[in-house]
Amino acid sequence: MTRHLVVVGHGMVGHRLVESLRARDTTGDWRITVLGEEAHPAYDRVALSSYVDGKTAEELALGGHDDELVQVRLGDPVVALDRDIRRVTTASGSTLRYDALVLATGSTPFVPPVPGRDLPGCFVYRTLDDLDAIKAAAAATIARPGPGRRSAVVVGGGLLGLEAARAMRLLGLSPQVVEIAPRLLPVQVDEGGGVLLRTLVEAQGLAVRCGVSVAGIERDGDRLLARLSDGVELDADLVVFSAGIRAADALARASGLPVGERGGVLVDQRCRTADENVWAVGECAALEGRTYGLVAPGYAMAEVVTDRLLGGAATMAAAELDMSTRLKLLGVDVASFGDAHASTEGALEVVVDDPVAGSYAKLVVSRPGTGAPTLLGGIFVGDASKYAALRPLVGSPLPADPVAMIAPGGVELGADALPDAAQICSCNAVTKGAIRTAIAAGAHDVPAIKACTRAGTSCGSCVPMLKTLLTQSGVEVSKALCEHFAHSRAELFEIIAGAGIRTFSELVERHGTGRGCDVCKPAVASILASLGTGHVLAGEQAALQDTNDHFLANLQRNGTYSVVPRIPGGEVTPAGLIAIGEVARDFGLYTKITGGQRIDLFGARVEQLPAIWKRLVDAGFESGHAYGKALRTVKSCVGTTWCRYGVQDSVGLAIALELRYRGLRSPHKIKSGVSGCARECAEARSKDFGVIATENGWNLYVGGNGGFTPRHADLLVTDVDTETLVRIIDRFLMFYVRTADRLQRTAAWIEAIDGGLDHLRAVIVEDSLGICADLEAAMAAHVAGYSDEWAGVLADEEKLARFVSFVNAPDAPDPTVSFVSERGQPVPVPVGMPELVR
Amino acid sequence: MRPTLVWHPVCPLERLQPERGAAALLGDRQVALFHTHDGTVHAIGNIDPFSGAAVLSRGIVGDRGGVPMVASPVYKQAFSLLDGRCLDDPDTAVPWYPVRISDGRVEVGVRVGIPVTAS
Ligand code: SRM
Ligand SMILES: Cc1cc2nc3c(=O)[nH]c(=O)nc-3n(C[C@H](O)[C@H](O)[C@H](O)COP(=O)(O)OP(=O)(O)OC[C@H]3O[C@@H](n4cnc5c(N)ncnc54)[C@H](O)[C@@H]3O)c2cc1C
Ligand code: SF4
Ligand code: FES
């Protein structure tokens, strides 16, 4: 008979419990109802901060349980539990009977009882709703007129506090962290590590006060004033409390279930409460008296309860829980694992502290009797690259001298040093053995390993290890472009540039097989174009181009094309607008303002394109490359010329940049924007390279995009003058053009670079590879060699002859194309779906 | 009635760019012609069955596992130039037409009449 399981709380652990029960309950013994307080279905709370950094609620969602045995009711918390009759009641008054109940209510933020903590402008940091409120308040305070930076006081300097501080900075506020303990991250880091950590985060512009608490908060005009225990007063526009959490155990308490001394529903090693029908998992559970504020122990509890509900005998002990953490806080790498504070009887600490290099490493080991000492735990600050290899060794004898293992230039530990039982992914408790089995069974890349073992799907810190294991298992990750070339795009670029190859035929005969396809041909066409080999339709190159590049226009769904003249920076004269309007009217084209600050004319037939462009070129327009993997637009805001807040001439710069880089062929399209001040009306931070004016010059951001996975660009350089700015953009674009993969936009390219943004900065700002002069020269050659592609076609009879619908009837229009009128403009009649020949 | 093959002259061979397609209008029928690297001319229907647009002649020409093909410029499915079959979806095909070169001119054969036997 089907039994009914009620889960209270649809957070990370409640979600995991449902997933694992549904995966293992193959006979459908349990029907599940989840009752959640938040209006959102379960989401990745661990990654919550990325919500202020470009991720959307949809992207953070953990995915629905698409399953008829699972019902999820959201936005209606459970308010009462009657264990005698096995019934819960929700806030809206509905009641539900259960056979088994799982409490997965998580925690609530702890707010110290200081006067003023309820004032408007005070927030906690736990849920999407909290972040929505914080974002709105931050935006409102930034929009408020008046001078000075806006600031936020963050109460608590632990993991959450530092994350909150980073989020405040992303929102444009200056954060100040107040921590009652004498150092930051008191739980994870020791005194020595704390000193370095503080230096490093202060260098990132974060103000830190340790050893003091907030004594009270007062209203001060339209701002707040935080009074500290040492008498200091801090001005703040926002106050964010992230001073710890308390298990959400109210429901259990009220129903008479025993709770732990410091809160949390008491459970035994089966994760069962004192009531045999009630279980508790995640942050609300006190396992052997203690609660856990990390997701991994919660997931382990969910597995135990799943097993028990299905009649198994799984147990877990607090001693088995891995509380290790690795995080990147404000660009500072921090990791702490095992017995980090050397609380084991007789433990020894080995420390390598290098304040000059900015790294602190400590290993905690057992006192060696005979043989090698056993690793008990450790701490890394500044450089945690050794963490992934060392953490799984906890409990095993160290393979080398402890100092050598953490000293710079010391022993490098590979994944081969690890036993199969070592846990590689601590979030999901996946061992090296399990990963090796998955690889052997055919999981040949990181996504495949993620899909079949769950390793790497939570915090992601084990992903480098997964890659190492893949390489060690001898799995070749193929970078071949397609069946015709075993090379990546970057390798082909080297080959073509190095050997001076100028045609596809020569390349495929010498370095490939067959006659190419729709993958390699456009990629090679783009490389040839980037190297400045003349008009894209010259000679054999024409045959390599995708239809858009072949007709220098964008193919539409009915086989017609769209026409986009370049409008640099979005600035256009009345005469230009009139000319475009007349062309559209005379050729019967649909017109629309695009998302790129220019005008698109739709519905042109192939044979009309030359006549349309003749008119546009005569009116002073040129190709906008809307069809090419090339520079698209540099959007601008009006800037100083008109706007009362502008601090630089953003339109002037946008036009100069667009004219400089127009026609540059690249692995994917490139977009840019220039804003005249930090209000960012041009949305420059959503661009491949975006420029924002400052009082002293320009800030350059790189690696942003909209599209399927929107991403904000990262700050590359600050306050540079125009000349320096252009030089760095030259280098950035050329380095991208040379080394990115096919159809890899700048964001994905930077992510794939070993060392990411830091490495990119080293190469193109500090010239660590000594290639900048070469990159600049290549860009100078591009700029000097630019000519308008459409003007080139109009001047060439042979190229013009290709612009026909039919070789045997050059003047005949395609009879399948027709239009109707909608809102006063032509739109295509959907082309009939012809019968398929089967 | 047995189907008969009617040959339509289209254009001089040199009008067809190597490794690129061109469309021809034969009555109300649209044919896509391709001049491949080995000098052969292939002809298949010009209408892309996945989008309904008459554009197959504008796709990129190449090969898949040695089979000459054109990739639709709309959603990129590949069609064999040897028989019109879609290489990404074995249940789909476009018409295929015989081609001959006579006197330097490309001619496409179109069957008329109701086929009683498969040829
Ligand atoms: C016309 C326009 C929509 C409009 O009416 O506003 C448009 C239309 C198309 N976009 Fe777009 N995009 C247009 C602005 C944008 C923007 C906004 C912007 O540029 O500020 C974005 C988000 C910003 C970005 O790119 O990061 C945008 C993100 C995309 C993407 C997703 C790219 C990504 O990295 O995920 C694609 C797909 C792709 O390129 O692979 C795409 C692809 C396309 C294609 C080429 C799809 C296709 O193959 O048919 C559309 C045909 C263009 C055409 O002219 O026929 N379009 N597209 C806009 C032309 C702007 C211009 O003046 O050149
Ligand atoms: C900003 C941030 C960063 C973090 N970073 C990390 C990290 O890097 N690594 C890590 O391991 N952990 C991290 N954590 C902690 C991690 O998110 C939690 O350990 C995890 O979410 C716990 O899962 P849970 O299901 O127990 O609780 P939750 O995810 O909090 O879910 C509990 C749910 O139950 C709901 N609920 C409560 N009471 C009721 C009721 N009466 N009726 C119905 N529903 C109710 C709540 O609204 C909530 O939706 C972070 C947390 C935050 C906030
Ligand atoms: S971004 Fe541009 S338009 Fe917006 S406020 Fe600044 S100067 Fe004005
Ligand atoms: S260790 Fe966090 S995802 Fe693997």
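Since the structure is predicted, the reported quantities are computational estimates derived from the model, not experimental observations. All values below come from the heavy atoms of this structure, side chains included, with hydrogens, waters and symmetry mates left out. Residue numbering restarts at 1 for every chain, and letters A, B, ... go by the order of the sequence lines.
The shortest distance between side-chain heavy atoms of S57(B) and V807(A) does not fall below 4.5 Å. A 4.5 Å side-chain heavy-atom check between R15(B) and N808(A) finds every atom pair outside the cut-off. Between S805(A) and Q30(B) the shortest side-chain heavy-atom distance does not fall below 4.5 Å.
Shown here is K614(A), whose NZ atom has no more than 12 heavy atoms of other residues, nucleotides or ligands within 6.0 Å. Around CG of D38(B), the count of heavy atoms belonging to other residues, nucleotides or ligands within 6.0 Å exceeds 12.
Residue R20(B) holds its CZ atom at 4.0 Å from NE2 of H550(A), rounded to the nearest 0.5 Å. Note that the CG atom of N46(B) and the CG atom of D814(A) stand 7.5 Å from one another [nearest 0.5 Å]. Note that OG1 of T547(A) is 8.5 Å distant from CD1 of I60(B), once rounded to the nearest 0.5 Å. With rounding to the nearest 0.5 angstrom, the SG atom of C11(B) is 13.5 Å from the CZ atom of F806(A). Interatomic distance, CE of M69(B) versus CZ of R515(A), reported as 12.0 Å (0.5 Å rounding).
Of all the listed residues (P18(B), G59(B), P9(B), A24(B)), the one sharing the greatest number of non-hydrogen pairs under 4.5 Å with chain A is A24(B). Of the residues considered (G62(B), A78(B), G45(B)), G62(B) shows the highest number of contacts with chain A, using heavy-atom pairs under 4.5 Å. Counting heavy-atom pairs under 4.5 Å between each of G66(B), C86(B), G65(B) and chain A puts G65(B) at the top. In terms of heavy-atom pairs under 4.5 angstrom with chain A, the leader among V10(B), V70(B), V106(B) is V10(B).
Residues of residues 522-538 of chain A having a heavy atom under 4.5 Å from any heavy atom of chain B, listed by number: P522(A).
In this structure, K76(B) contributes its side chain and V519(A) its backbone to no donor-acceptor pair below 3.5 Å.
Contacts of P68(B) with chain A are absent, with no heavy-atom separation under 4.5 Å from either backbone or side chain. With a threshold of 4.5 angstrom between heavy atoms, E19(B) approaches chain A through its backbone and through its side chain. Residue contact with chain A, scored on non-hydrogen atoms closer than 4.5 Å, involves the side chain of V55(B) exclusively.
Within the structure, the salt bridge (charged side-chain N to carboxylate O under 4.0 Å, His left out) test picks out the following pairs touching residues 52-73 of chain B (sequence neighbours left out): R64(B)-D88(B).
Across all their heavy atoms, L555(A) and P73(B) have their closest contact at CD2-O, 3.8 Å.
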